[in-house]
A.B. asks: 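My structure is below; once you've seen it, I'll send some questions.
As the structure is a prediction and not an experimental result, all values here were calculated from the model.
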Amino acid sequence: MDVSIVIPSWNGRHLLERFLPSVLAAADRYRSTSGSEVEILVVDDGGTDDTAFWLAETHPDAVHLLMKRTNEGFSHACNTGFEHARHPVVFLLNNDVEVDIDCIAPLVGHFAAPDVFAVACETTNLETGATSGVGKIGSFSRGFLRVHAGYRPAGAGDWPSIFASGGASAFSREKLTELGGFDALFAPFYWEDVELSYRAWKRGWRVLFEPESRVRHKVSSTIGSKFRRYDV
């Protein structure tokens, strides 16, 4: 099954320089082992650094650059990538995520089932080594949806998760289109992935967790460096 990798980025040339090589290697591995196509789309969300020039110079044939004139936030940038993605599976990655070379195939395998909407990766904090992205358990408490309790399954299977993180998850492009992508109400960032997954569950579609697809995340490299904690 062919895959579109979408990476939103805002003034993130330094992050792409560090983490994009792992994505390129994973894409090459998946192409060679599956015979499928992989495209990589970087969405420059109105940035002011030299991301575009750097990509044109270093990866002119491997990466397709989508440039937005103004910075509108994570959900808008992701939706731009979703709209231009050509393949049935969309693998959404933050620009500060390092992926294992064999991480794509286990995600894609789940989409053989027609009711799968998204599949999340197992994510560890690159700096601390702590596991942060696991199967998420949903609950309601005091009128709010709670999503941060998690579990780590033992062995292979279709493990459910209340949401698939926008930092490292694969989605059905067809179902993304039907739902309209992320709700821009959540711009500039946070909770858009929870709300999208919740809408998918209400449609009767499944959101899963795949522990064999592993990535490492340099947490809050963009948001933490550009916004005060109070504003976040």
A.B. asks: Under 4.5 Å between any side-chain heavy atoms of K218 and R18, yes or no?
C.D. replies: yes
A.B. asks: Between L24 and A62, which heavy-atom pair has the shortest distance, and what is it?
C.D. replies: CD2-CB, 3.8 Å
A.B. asks: Is it true that R13 and D49 make a salt bridge, defined as a side-chain N closer than 4.0 Å to a carboxylate O?
C.D. replies: no
A.B. asks: Which atoms form the tightest heavy-atom contact between F19 and D96, and what is the distance?
C.D. replies: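 Reported closest heavy-atom pair: CD1-CA, 3.5 Å.
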A.B. asks: For S172 and K175, indicate whether the former's side chain and the latter's backbone hold a donor-acceptor pair under 3.5 Å.
C.D. replies: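 The answer is yes, because a donor-acceptor pair under 3.5 Å joins these two groups.
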A.B. asks: Provide the closest heavy-atom pair for F117 versus A200 in the form atom of the first, atom of the second, distance.
C.D. replies: CD2-CB, 3.3 Å
A.B. asks: Name each donor-acceptor pair under 3.5 Å that joins a side chain in residues 207-216 to protein atoms two or more places apart or in another chain, with its distance.
C.D. replies:
unit_1, atom_1, unit_2, atom_2, d
E210, OE1, H110, NE2, 2.6
E210, OE2, E212, N, 2.8
S213, OG, C103, O, 2.7
R216, NE, E98, OE1, 2.7
R216, NH1, D100, OD1, 2.6
R216, NH2, E98, OE1, 3.4
R216, NH2, D100, OD1, 2.8

A.B. asks: Decide yes or no on side chain to side chain contact (heavy atoms under 4.5 Å, CB included) for I5 and V23, but give the supporting numbers first.
C.D. replies: CA-CA 9 Å; I5 300 175; V23 180; 3.9 Å; yes
A.B. asks: Are W159 and I162 joined in one hydrophobic group, where the rule is that I, L, V, M, F, W and Y side chains link up if heavy atoms are under 4.5 Å apart?
C.D. replies: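 Looking at the clustering, I162 is in a separate group from W159.
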A.B. asks: Counting distance only, does the side-chain N/O of W201 pair as donor-acceptor with the main-chain N or O of S161 below 3.5 Å?
C.D. replies: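 Confirmed, W201 side chain pairs with S161 backbone.
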A.B. asks: Which atoms form the tightest heavy-atom contact between P8 and F74, and what is the distance?
C.D. replies: CG-CE1, 3.6 Å
A.B. asks: Indicate yes or no for a side-chain donor-acceptor contact from R206 to the backbone of P160 under 3.5 Å, with no hydrogens or angles considered.
C.D. replies: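 Pair absent, no side-chain N/O of R206 close to backbone of P160.
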A.B. asks: What are the two closest heavy atoms between F171 and L176, and how far apart are they?
C.D. replies: CB-CD1, 3.6 Å
A.B. asks: Could you check V97, D102, I101 and say which one makes a side chain to side chain contact (heavy atoms under 4.5 Å, CB included) with V99?
C.D. replies: V97
A.B. asks: Is the closest side-chain heavy-atom distance between V116 and W205 below 4.5 Å?
C.D. replies: no
A.B. asks: Are the side chains of V38 and F91 in touch, meaning some heavy atoms are under 4.5 Å apart?
C.D. replies: no
A.B. asks: Strictly distance-based, threshold 3.5 Å: is any side-chain N or O of D193 a donor or acceptor partner for the main-chain N or O of G166?
C.D. replies: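 It does hold such a pair.
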A.B. asks: Is a donor on one side and an acceptor on the other found under 3.5 Å between the side chain of R199 and the backbone of L179?
C.D. replies: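 Checked: pair present.
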A.B. asks: Between S4 and E39, is there a side-chain donor-acceptor contact under 3.5 Å, judged purely by atom types and distance?
C.D. replies: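 Note: E39 and S4 side chains meet the donor-acceptor criterion.
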A.B. asks: Can you check whether T48's main-chain N or O pairs, donor with acceptor, with N11's side chain at less than 3.5 Å?
C.D. replies: yes
A.B. asks: Taking C-beta and beyond as the side chain, do D183 and E192 meet within less than 4.5 Å on heavy atoms?
C.D. replies: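 No, too far: nothing below the 4.5 Å cut-off.
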A.B. asks: Say whether L93 and L66 are linked into one hydrophobic cluster, either directly or through other cluster members, by side-chain heavy-atom distances under 4.5 angstrom.
C.D. replies: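 Not linked; separate clusters.
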A.B. asks: Do F163 and L92 land in one hydrophobic cluster if side-chain heavy atoms of ILVMFWY residues count as linked below 4.5 Å?
C.D. replies: yes
A.B. asks: Side chain to side chain contact (heavy atoms under 4.5 Å, CB included) for H14 and W54? Distances and angles first, verdict last.
C.D. replies: CA-CA 10 Å; H14 62 295; W54 177 76; over 6 Å; no
A.B. asks: Could you check if a side-chain atom of R203 sits within less than 4.5 angstrom of a side-chain atom of E178, using non-hydrogen atoms only?
C.D. replies: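 The answer is yes, as the side chains (C-beta and beyond) meet within the 4.5 Å cut-off.
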A.B. asks: Does V43 reach the side chain of S9, with side-chain heavy atoms less than 4.5 Å apart?
C.D. replies: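 Counting from C-beta outward, V43 and S9 never come under 4.5 Å.
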A.B. asks: Would D44 and K68 pass as an ion pair if we require N to O under 4.0 Å?
C.D. replies: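 Between K68 and D44 there is no salt bridge, as every charged N stays at least 4.0 Å from the carboxylate O atoms.
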A.B. asks: How about F82 and F182: are their ring centres within less than 6.0 Å of each other?
C.D. replies: yes
A.B. asks: For a 4.5 angstrom cut-off between non-hydrogen side-chain atoms, does I7 reach N94?
C.D. replies: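 No, too far: nothing below the 4.5 Å cut-off.
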A.B. asks: For the residue pair V147 and W191, establish whether any side-chain heavy-atom pair is separated by less than 4.5 Å.
C.D. replies: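 Yes, side chains in contact.
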A.B. asks: With the 4.5 Å side-chain cut-off for hydrophobic clustering, are I104 and F111 part of the same group?
C.D. replies: yes
A.B. asks: Keeping the roles fixed (side chain from E174, backbone from P88), state whether a donor-acceptor pair exists under 3.5 Å.
C.D. replies: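 Answer holds: no.
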A.B. asks: Is D2 reaching over with its side chain to a backbone N or O of E37, donor-acceptor style, under 3.5 angstrom?
C.D. replies: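 Yes, because the side chain of D2 sits within donor-acceptor range (under 3.5 Å) of the backbone of E37.
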A.B. asks: Side chains of residues 129-142: which donor-acceptor pairs under 3.5 Å do they make with residues two or more places apart or in other chains?
C.D. replies:
unit_1, atom_1, unit_2, atom_2, d
S132, OG, T123, O, 3.4
K136, NZ, S132, O, 3.3

A.B. asks: Does the side chain to side chain contact (heavy atoms under 4.5 Å, CB included) test come out yes or no for V63 and L20, once each step is laid out?
C.D. replies: CA-CA 10 Å; V63 176; L20 185 58; 4.1 Å; yes
A.B. asks: First locate atom CG of L41, then atom CD of E83, and finally report the distance between them rounded to the nearest 0.5 Å.
C.D. replies: 12.0 Å
A.B. asks: Taking all heavy atoms of L107 and all of C121, pick out the closest pair and write down the distance.
C.D. replies: CD1-SG, 3.8 Å
A.B. asks: Between D45 and H76, do the side chains contain an N or O donor and an N or O acceptor separated by less than 3.5 Å?
C.D. replies: no
